[in-house]
Amino acid sequence: MLWRNDAAPRREAVPRRQWGRREWSTVVLIVVGFILVMQAAASVYDLRGPVLLIGDDLVGVAGGTEVKIAGMALALMCMPARLRLPFIGVVVAVESVFNAQRLIVGNTLHLGNGVMWGLIALAVYALAVSTGAEREKALKAVGIAAILIVTSRVAGVWLGLTEETLPEVADHFVEVADRALGSPSWVMGRFVEDTPWFRSLISQVYNYLSVGAAIVAFFQLRRSSVDGFPRHHIVRSFIVIGALGPLVYFLFPVVGPVFAFGDELPGAGWLDVWPHTVPTSLEPVSAFFSQDAPRNCMPSLHTAWATAILVHALRGPRLLKVYGVFWFVCTLSATLGLGYHYGVDLIAGLVFALTVECALARPQDGWHRLRVAAVAGGAAAFAVLLAAFRYLSVPMAQNAVVSTILMLGSVAAMTYCYVRISRTPVDVPATPVEEGASTP
């Protein structure tokens, strides 16, 4: 439809102040402060905190090799082209030195230290030698890789704290609520048990989540060293999901069906029935569970991150779209079929991820009415779902059709809001189009 010449003029976007040294310094101080707090909390429970784990990455046995590789790949994409070869040289040189020493003393070869020292070298070079745009791009490359690596280390400590501080879990309530969906973890668990090749496939997808996200990030950030960062990219989504989601673990501790109702930890489960027999009790209680399993089910962050991979992949070329759908389906199959999550965990993860994406998509449009309503509504729906799983699990199981419609309806509503927000500017009239002119 064409706009009349006397239509309301397009609202001018208010220029936003670019982040400078002060803003980034504040972010760095907050991150460092949070790491120190986590280290102190871990020390109380005799856990290795993030400071010690990052120290291992520098001079010991580096953990999370796949995360280090993903971080290195992101850094290479984002840094100026002329710095890539020297960066790779530093990484290879440091890895060679560390592994030569391991060979001499008879230890197992390991990768990861070189990436950390390569990032340090790049940061020092950027601050001491580079200027202008090159410095900015180099520091962003360091920052985006460092955030990925540091958050993976903090996440491990966070899961350890859930084990130490939450002796009772709510799996009884979640399992009863999950019956409204037909106990999908039990159904998928039997299928996976009977299909070894499928189990192998989804296990790899589940374990290499960061690599899956890095592939999407490659398509989004591959020209960032030349054109700058896109306004909205998957790394930002991953960071926000990873920062907010784990807080719920302490509010709603759940270990998963393979632990509570299976034999993943021999002798620890309340019943050894997963995935063959669905429990029948309608008297759920919070109960003690072994401290050897993290309370990391509600919401399913694997589902939330897979949703982020999907929505960002759908913005790319056809091959990337197919990849995003594949990764999403395999991840959801793994969360259920390997027994790590209940179906309602996935519903909560979907609503949570779509709420985050509604907040982050098209930041140039600002906080218009639809975005505010979508984020507020998504947060409210998420809170209502958690409350229902805990306090209305028996009515949910007894009224399966209504409960399923309401749960899936919340996902559908958030999907609609995300599509509206991400595809078109909201509350901003379109630019008038002259008769005969084509639209982009």
Side-chain angles (χ1 to χ4, degrees), residues 27 30-31 34-35 50 63-78 115 119 140-159 205-222 224 229-249 296 299-316 320 323-328 330-332 334-335 341 345-346 348-363 375 378 382 414 418 422:
V27 170
I30 291 173
V31 172
F34 180 70
I35 290 174
T65 300
E66 69 279 1
V67 176
K68 304 292 190 304
I69 294 174
M72 181 178 70
L74 289 176
L76 287 169
M77 284 185 284
C78 301
V115 176
L119 292 173
K140 281 187 174 180
V142 172
I144 201 168
I147 286 175
L148 184 65
I149 293 170
V150 169
T151 51
S152 71
R153 284 315 214 175
V154 171
V157 178
W158 195 273
L159 295 182
V205 170
Y206 190 88
N207 292 331
Y208 287 94
L209 177 72
S210 58
V211 177
I215 292 173
V216 178
F218 168 78
F219 282 91
Q220 292 185 322
L221 305 179
R222 64 190 186 279
S224 60
F229 274 65
R231 288 189 175 98
H232 180 38
H233 52 83
I234 192 172
V235 178
R236 180 177 295 171
S237 297
F238 257 59
I239 291 170
V240 174
I241 290 171
L244 298 179
L247 297 174
V248 186
Y249 295 164
N296 64 335
S300 168
L301 290 194
H302 259 81
T303 297
W305 280 315
T307 303
I309 289 175
L310 175 65
V311 299
H312 286 274
L314 291 177
R315 298 164 56 198
L320 190 62
Y323 164 80
V325 172
F326 165 81
W327 202 273
F328 180 76
C330 286
T331 300
L332 266 59
T335 59
H341 289 279
D345 302 348
L346 275 61
L350 287 166
V351 171
F352 174 67
L354 290 168
T355 302
V356 170
E357 291 295 344
C358 284
L360 298 179
R362 291 187 63 86
V375 174
F382 181 69
M414 292 312 302
Y418 170 74
S422 64

Could you walk me through whether Leu221 and Ile144 satisfy the side chain to side chain contact (heavy atoms under 4.5 Å, CB included) test, starting with their C-alpha distance in whole Å, then the side-chain angles of each, then the deciding distance to 0.1 Å, before giving a yes or no? CA-CA 11 Å; Leu221 305 179; Ile144 201 168; 3.8 Å; yes
Could you tell me which residues satisfy side-chain contact (heavy atoms from CB on, under 4.5 Å) with Ser210, sequence neighbours excluded, listed by chain and number? Glu66, Val67
For Phe382, which residues count as a ring pair (Phe, Tyr, Trp, His ring centres under 6.0 Å) partner, sequence neighbours excluded? Phe352
For the residue pair Glu357 and His232, confirm or rule out a side-chain donor-acceptor distance under 3.5 Å. yes
Side chain Tyr323, main chain Ile215, donor-acceptor under 3.5 Å: no
Partner residues of Arg315 under the side-chain hydrogen bond (donor to acceptor under 3.5 Å, both in side chains) criterion, sequence neighbours left out: His312
Residues in ring pair (Phe, Tyr, Trp, His ring centres under 6.0 Å) with Phe219, at least two apart? none
What closest approach, in Å, do Val351 and Gly378 show between heavy atoms, and which atom pair accounts for it? CG1-O, 3.8 Å
List the residues meeting side-chain contact (heavy atoms from CB on, under 4.5 Å) with Ala359, not counting sequence neighbours, and say none if there are none. Trp367, Val375
With sequence neighbours excluded, tell me which residues meet side-chain hydrogen bond (donor to acceptor under 3.5 Å, both in side chains) with Asn296. none
State whether the side chain of Trp305 and the backbone N or O of Ile241 hold a donor-acceptor pair below 3.5 Å, judged by distance alone. no
Would a distance-only check, ignoring hydrogens and angles, find a side-chain to backbone donor-acceptor pair under 3.5 Å from His302 to Tyr206? yes
